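Each remark here refers to the structure printed beneath this line.
From a predicted model like this one, the values you see are computed outputs, not experimental measurements.
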Amino acid sequence: MTGKFGTDSFINDLERVVQVRAEVAVSLNQIADTINAAEIAGGNSSGKLSLERDIEDMRVASQNLRSGVFRLMVLGDMKRGKSTFLNALIGEKILPSDVNPCTALLTVLRYGSQKKVTVHFNDSKPPQDMGFDEFKHKYTIDPAEAKRLEQDNKPAFPDVSHAIVEYPLALLEKGVEIVDSPGLNDTEARNELSLGYINNCHAILFVLRASQPCTLGERRYLENYIKGRGLSVFFLVNAWDQVKEALIDPDDDDELRESEARLRKVFQANLSEYCIVDGQNVYNERVFELSSIQALRKRLKNPQADLEGTGFPEFMSALNIFLTRERAVAELRQVRTLARQAGNNTKEAIQRRIPLLDKGVEELRSRINSVEPEFNKLTNIRDQFKTEILQTRDNQAHGISESFRSYVLKLGDTFETDFLRYQPELNMLDFLSSGKREAFNLALQKAFEQYVTDKFAAWSLTAEKDINAAFAKLSSSAAKYGNSYSQITNQITEKLTGEKVRVNANISSEEDHSPGWAKWAMGLFSLSRGNLAGFAMAGAGFDWKSILLNYFTVFGISALLGTLVAPILGPIAIPLLGLGVGFLQADQARKELVKTAKKELVKYLPKVANEQSKTVYDAVKECFDAYEREVSLRINDDIQSRKSELDNLLKQKGNHEINRENELKRLQKLEADVYAEVQTIETAYNKLLAYYS
């Protein structure tokens with residue numbers, strides 16, 4: 001990789017992607033303009049071809065490409081050097097790295113021609129612009145205050161949603177956006193807040209520290225929010241230079257090699273299970289040893305400094321490959337699919353139109369009436385697929401809600417064993433000392449919050465896998481229904497024109513003859529939420545995980561904690577008050593605590609199961625309802641456009657004589673112009689592939 005730091009090549013590759021995106025966006029918009037102009041002209045000739053859906057899809061895709069970014073989310077516990085890493089990454093000391101970052105703020109770093117901070121609020125209060133100094137003064141707190149707030153389980157700035165930091169940096173100008181999250185060693189509610197951003201990011205940069213390999217809190221977060229969710233994660237082991245500094249003899253090369261080797265084994269043992277992609281272990285492509293402070297010092301002195309030995313060139317190379325050669329190519333492949341579809345739809349509409357130009361009004365009306373049974377078959381396919389979706393919805397909603405109910409009711413069976421892992425944080429002697437009882441109660445509350453969060457996360461991952469499998473099956477069904485649908489539309493064309501439909505041999509297996517609605521339902525492109533920057537999740541063409549997240553965030557952690565934790569804490573203390581102070585009493589108190597906690601937990605579990613299983617049912621149901629609504633809408637649009645296309649021609653023929661020669665030239669020019677832009681997109685895509693091959 002060229003460039004001493006690694007950003008030179010990265011920025012060059014990003015610039016290439018930006019240029020390709022811009023070129024393709026122009027072509028997509030040109031396709032929309034060309035078809036739209038032809039539809040307007042058709043109003044004065046043979047009638048519109050009813051290609052409104054293609055026009056809309058081209059506009060949305062073009063806009064998404066223009067505004068598309070590569071969004072990176074930085075996660076990590078407090079005091080892992082996240083801010084130092086970010087400052088080293090961008091080459092300037094933008095974020096404060098000398099203050100404990102215990103705030104509720106997520107900070108989004110993006111490009112701006114002027115340095116500016118905008119704070120966004122949770123209520124109706126309008127966003128507030130401010131300078132960097134004011135922002136640091138107003139929204140950072142000293143370590144002592146941060147510790148107190150953490151102990152009291154209170155957010156530092158409850159009315160603030162997030163902050164947007166704009167900065168004129170080359171890396172950001174080329175379409176990289178960085179989301180800096182609060183520390184993981186925070187409240188469970190704030191961890192949920194971070195989770196809401198994770199699914200909207202292309203990659204996660206998980207910052208660890210060499211001197212503290214994989215703490216319990218970090219493992220909890222990886223288990224709860226990362227593992228098994230199909231996320232792309234880079235692990236950055238920061239402060240690797242401190243391994244040498246911690247040696248008795250920092251100049252002993254053999255001791256350093258042995259120490260580093262032992263540490264690498266520890267990290268590999270802890271992180272390997274999170275580095276499985278498509279069944280392959282990509283540990284060496286996802287885990288990097290960094291010395292951020294060394295890199296930052298060098299870059300502040302010289303932005304082009306040689307950072308060999310800091311780990312940054314290797315990391316930047318891997319990130320570059322992932323974003324520009326994997327994600328960008330996948331994004332543009334979706335767009336190419338969309339453009340090909342618009343070209344094919346235009347060509348097919350023209351092929352249907354031309355043979356009908358010579359037909360008289362009565363003959364045309366007769367032919368249109370003759371295909372009514374085929375249109376009914378199209379409607380039947382829509383209804384059959386809709387029925388399958390709704391049946392899947394009902395089965396999944398019922399099964400998953402019952403799974404939740406059963407899971408909750410059985411928590412008491414394993415509570416004593418499960419809760420053991422949280423007890424080391426509790427010092428029983430603190431409870432027996434009245435002066436430390438409040439601190440003990442807070443520690444106990446946090447332990448219960450972690451227990452509830454972990455159990456809920458374990459269940460939700462199972463639920464997601466079930467839903468994912470259900471959508472994969474629906475995707476397969478969409479392909480079958482789409483194939484049947486295309487056969488019938490071909491029959492319609494043959495009956496109308498009297499000509500055999502010619503199959504386009506140039507269409508690849510990916511670009512089969514399925515109609516547009518089926519391609520969407522199969523996950524070949526995603527437009528429902530205006531998100532072409534990401535993949536169609538679960539092969540279903542839309543982000544169903546966001547729907548689940550919206551529901552589960554509302555009732556999930558906060559509701560479960562409120563229902564289970566607070567009512568249990570009071571009764572737990574009662575059997576402990578009569579015990580004396582001492583080791584034996586403390587051991588007995590620990591047993592009494594677990595025993596009483598289980599008793600109280602079991603008492604409230606039926607309430608949680610009954611109340612929340614309905615919300616689980618509604619959440620799962622909405623995932624499939626949203627899918628069905630979009631599928632039905634797209635099928636209805638396709639059927640209606642085909643009918644309108646014929647009605648438009650019939651109406652025009654009844655109103656005036658159509659100049660066949662002029663109309664033939666107009667339609668042929670439309671097809672040629674659209675395919676010229678499609679070819680431009682193909683060329684841009686192929687050039688990008690060739691550059692990376």
Side-chain angles (χ1 to χ4, degrees), residues 151-153 187-189 191-192 216-217 220 223-224 400-463 552 555-616:
Q151 290 176 345
D152 293 344
N153 202 31
T187 67
E188 301 302 328
N191 285 340
E192 284 287 299
L216 177 61
R220 283 190 63 245
E223 285 291 319
N224 290 347
I400 292 175
S401 64
E402 284 303 308
S403 162
F404 177 81
R405 180 191 299 273
S406 176
Y407 182 85
V408 169
L409 291 176
K410 292 179 180 178
L411 287 178
D413 297 347
T414 58
F415 174 78
E416 293 178 62
T417 302
D418 292 342
F419 197 65
L420 282 176
R421 60 181 293 195
Y422 305 96
Q423 288 195 55
E425 300 180 13
L426 307 176
N427 186 344
M428 302 303 299
L429 294 177
D430 285 348
F431 177 82
L432 302 176
S433 171
S434 59
K436 298 182 179 179
R437 192 165 297 159
E438 182 178 356
F440 171 85
N441 287 334
L442 288 173
L444 179 61
Q445 178 177 338
K446 186 168 185 178
F448 263 93
E449 288 180 353
Q450 292 179 346
Y451 163 78
V452 172
T453 301
D454 290 357
K455 300 304 289 187
F456 177 73
W459 171 83
S460 65
L461 182 57
T462 301
F552 289 171
F555 92 90
I557 298 303
S558 58
L560 285 175
L561 296 182
T563 303
L564 285 176
V565 178
I568 291 175
L569 292 179
I572 286 178
I574 295 175
L576 303 183
L577 291 173
L579 298 174
V581 178
F583 176 78
L584 294 178
Q585 290 87 346
D587 184 58
Q588 181 63 29
R590 186 182 300 278
K591 295 178 181 178
E592 289 293 331
L593 181 147
V594 175
K595 179 180 177 181
T596 307
K598 177 180 177 180
K599 178 181 177 182
E600 293 299 320
L601 178 69
V602 171
K603 184 189 301 182
Y604 284 95
L605 290 180
K607 178 182 179 183
V608 172
N610 292 331
E611 290 180 353
Q612 306 303 344
S613 61
K614 176 62 168 62
T615 308
V616 172

Please walk me through it: do Thr615 and Gln612 pass side chain to side chain contact (heavy atoms under 4.5 Å, CB included)? CA-CA 5 Å; Thr615 308; Gln612 306 303 344; 3.8 Å; yes
Does the side chain of Leu411 come within less than 4.5 Å of Phe456's, by heavy atoms? no
Kindly say whether Lys455 contributes a backbone atom to a donor-acceptor pair with the side chain of Tyr407 at under 3.5 angstrom? yes
Leu605 and Gly412: which non-hydrogen atoms are nearest, and at how many Å? CD1-N, 3.7 Å
Testing the basics here: between Ser401 and Ser613, what is the closest heavy-atom pair and its distance to 0.1 Å? CB-O, 3.4 Å
Heavy-atom closest pair, residues Phe404 and Val608: CE2-O, 4.1 Å
With rounding to the nearest 0.5 angstrom, report the CZ to NZ distance, Phe415 to Lys595. 14.0 Å
Relative to the ring of Tyr451, is the ring of Phe448 parallel (under 30°), tilted (30 to 60°) or perpendicular (over 60°)? perpendicular
Using the side-chain contact (heavy atoms from CB on, under 4.5 Å) criterion, which residues pair with Lys410? Sequence neighbours excluded. Ser406, Asp413
Under the criterion salt bridge (charged side-chain N to carboxylate O under 4.0 Å, His left out), I'd like the reasoning laid out for Glu223 against Arg220: C-alpha separation, chi angles, the key distance, then a yes or no. CA-CA 5 Å; Glu223 285 291 319; Arg220 283 190 63 245; over 6 Å; no
With a 4.5 Å cut-off on side-chain heavy atoms, are Lys598 and Val602 touching? yes
Measure across Ser403 and Trp459 and return the closest heavy-atom pair with its distance rounded to 0.1 Å. OG-NE1, 3.0 Å
